[in-house]
Amino acid sequence: MGLGRVFGFAKRARIEVDGAIVLLRDKSGRLAGRGGMKRLARASMATASNPEFEAECIRRILAGEKELFHELIRPMERAIYFMQLSLLRNEVEAEDAAQETAIKVYLNLRNFRGDSQFRTWVLSIARNEGLGRLRKQSSRREDSLDAETDEQTGDYTPAILTSWREVPSEALERKELGGLLRAAIEGLPAIYRNVVLLRDIEEMDVRETAAVLGIQEGAVKVRLHRARALLQRELAPRLKGFAPSRKGLFGWGA
Amino acid sequence: MRIDCQHVWEHISAYIDGEVDVELRAEIDRHLETCEICSAVLDSTRNVVVLMADDRVFELPAGFSSRLHERLDKELELAGPS
């Protein structure tokens with residue numbers, strides 16, 4: 001998304017302006033701020049991720065150039081998949097649901113009115129697909145998205161620790177780290193999982209997240225705060241194991 | 001007035017997103033200067049946020065894209081958008 005990318009950069013810049021301590025470094029020691037690498041990797045898709053391109057694409061697909069649908073959906077396939085994974089928590093099922101979503105987007109393309117961002121519309125379809133499958137899975141009824149509200153209170157006291165401050169980039173190559181994060185997110189209540197997915201993993205802004213989930217912007221912020229607090233509490237003590245064993249550049253040992 | 005740790009924790013997410021007002025931000029910053037615990041909580045929360053945004057942590061399954069587009073190809077042959 002052109003817009004998404006702009007927001008992403010703005011967010012990253014804001015974090016750096018905050019006077020943040022250097023968070024992640026790649027092998028050459030270059031700062032890799034929030035989403036920095038993702039942004040760079042996606043910069044190549046600039047032409048394929050803006051409203052003008054989408055509108056033109058849709059017009060031509062509807063006029064018979066079906067093959068263009070591949071290019072229209074490509075920038076969104078990642079978000080579609082992780083939406084399904086966050087709902088269904090099963091990779092095989094999530095992939096199938098992602099494929100079904102793409103097909104439904106194609107078949108219903110004529111119904112896109114352009115009164116929302118295309119991505120918002122696509123992710124709403126993805127969400128409905130995932131929710132429909134969840135409803136069919138009787139064994140997962142206890143995780144009903146409708147049953148949970150923002151009223152619930154919880155203990156959001158953070159994990160107190162002083163020695164884990166930075167995660168070396170090499171740790172990202174370790175499968176365990178990704179596994180820890182994914183497991184922690186899977187363990188979140190569903191209403192938090194979805195917000196984390198859209199805001200922190202796909203880096204959408206508050207407004208679009210609210211639109212996809214059909215909730216108020218205030219609820220997005222509250223849920224995001226609680227989700228991050230729960231993740232910090234769950235992850236911070238365990239991620240300590242990924243801190244460098246020698247004294248780091250900033251004087252923090254493991 | 002000096003704010004306490006609990007108060008800082010309540011605003012950590014908004015602080016990370018740059019969504020606290022100037023006054024509160026200044027209060028939090030002052031607190032962070034002297035509070036090792038809150039600094040660590042902020043850093044670890046921020047690190048979690050940074051990690052989640054990293055594509056290397058959340059990778060698509062191998063071959064996902066090609067399987068998706070193969071299936072789309074079949075669908076595109078069958079039908080047009082309604």
Side-chain angles (χ1 to χ4, degrees), chain A residues 11 14-15 18 20-21 23-24 33-35 37-38 41 61-62 64 66-67 69-70 73-74 77-78 81-82 91 95 98-99 102-103 106-110 156-162 164-167 172-173 177-178 181-182 185 196 200-201 203 221 224-225 228-229 231-232 235-236 239, chain B residues 5-6 8-20 22 25-26 28-29 32-33 35-82:
Chain A
K11 233 179 280 169
R14 203 154 57 209
I15 283 174
D18 285 345
I21 297 156
L23 297 163
L24 294 172
R34 174 185 158 125
M37 290 176 205
K38 184 190 291 185
I61 293 164
L62 292 176
K66 295 175 180 184
E67 288 301 310
F69 185 73
H70 290 291
I73 203 72
R74 207 181 296 278
E77 59 193 42
R78 198 188 123 88
Y81 173 78
F82 284 109
E91 289 193 8
E95 176 159 350
Q99 293 179 356
I103 291 167
Y106 174 67
L107 293 175
N108 290 291
L109 201 54
R110 217 174 279 282
Y156 299 105
T157 310
I160 308 295
L161 74 171
T162 52
W164 179 68
R165 292 244 179 152
E166 53 179 337
V167 176
L172 290 176
E173 264 98 66
L177 179 57
L181 269 166
R182 285 191 296 271
I185 291 167
V196 157
D200 283 343
I201 300 178
E203 298 184 275
K221 291 179 189 176
L224 183 65
H225 175 70
R228 285 172 175 173
L231 290 172
Q232 187 271 350
L235 289 167
L239 289 172
Chain B
C5 297
Q6 186 71 43
V8 171
W9 298 342
E10 279 166 19
H11 294 284
I12 272 190
S13 182
Y15 180 91
I16 288 173
D17 287 338
E19 285 173 359
V20 295
V22 178
R25 173 164 222 90
I28 293 174
D29 286 339
L32 290 171
E33 277 172 23
C35 182
E36 181 80 1
I37 289 171
C38 284
S39 297
V41 169
L42 173 66
D43 288 342
S44 54
T45 305
R46 187 146 41 192
N47 276 335
V48 168
V49 173
V50 170
L51 286 171
M52 284 194 287
D54 196 302
D55 279 352
R56 290 173 298 176
V57 172
F58 288 94
E59 282 183 337
L60 285 168
F64 169 86
S65 193
S66 51
R67 287 190 295 276
L68 170 69
H69 289 277
E70 272 171 33
R71 187 157 168 201
L72 278 175
D73 266 331
K74 286 182 195 145
E75 201 65 32
L76 262 54
E77 275 176 35
L78 289 173
S82 54

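Proteins come first, then strands; the chains are lettered A, B, ... in the order of their sequence lines, and each starts at number 1. As the structure is a prediction and not an experimental result, all values here were calculated from the model. The figures here come from the full heavy-atom set of this structure, side chains too, leaving out hydrogens, waters and symmetry mates.
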Query raised in the report: So do the side chains of A:I185 and B:M52 get within less than 4.5 Å of each other, counting heavy atoms only?
Result: yes
Query - Note, B:D73 side chain near A:F69 side chain (heavy atom, < 4.5 Å) - result: no
Report summary line: dist A:L107:CG -> B:L78:CG (nearest 0.5 Å) comes out at 9.5 Å
**Report entry** Main-chain N/O of B:F58 paired to A:R78 side chain as donor or acceptor, under 3.5 Å
**Finding:** yes
Query - Any B:D17 side-chain heavy atom under 4.5 Å of A:L224 side chain - result: yes
Report summary line: One should read off an interatomic distance between A:D200 CG and B:S13 OG, to the nearest 0.5 angstrom, of 7.5 Å
Query raised in the report: Got a donor-acceptor contact below 3.5 angstrom from the A:R182 side chain to the B:V57 backbone?
Result: yes
Requested in this report: Examine distances only and state if a side-chain atom of B:R71 and a backbone atom of A:Q99 form a donor-acceptor pair shorter than 3.5 Å.
Outcome: no
Requested in this report: Before giving the answer on side chain to side chain contact (heavy atoms under 4.5 Å, CB included), spell out for A:H70 and B:L76 the whole-Å C-alpha distance, their side-chain angles and the decisive distance to 0.1 Å.
Outcome: CA-CA 10 Å; A:H70 290 291; B:L76 262 54; 3.9 Å; yes
Query raised in the report: With side chains defined as the heavy atoms from C-beta onward, is the minimum distance between A:Y81 and B:L68 less than 4.5 Å?
Result: no
Query raised in the report: Which atoms form the tightest heavy-atom contact between A:F82 and B:E59, and what is the distance?
Result: CZ-O, 3.6 Å
Report task. Evaluate side chain to side chain contact (heavy atoms under 4.5 Å, CB included) for A:H225 paired with B:H11, printing each intermediate quantity in order. Result -> CA-CA 8 Å; A:H225 175 70; B:H11 294 284; over 6 Å; no
Query raised in the report: Quick one: do the A:R228 and B:T45 side chains pair a donor with an acceptor below 3.5 Å?
Result: no
Requested in this report: For A:E77 and B:H69, run side chain to side chain contact (heavy atoms under 4.5 Å, CB included): C-alpha distance rounded to whole Å, both residues' side-chain angles, the deciding distance at 0.1 Å, then the answer.
Outcome: CA-CA 10 Å; A:E77 59 193 42; B:H69 289 277; 2.8 Å; yes
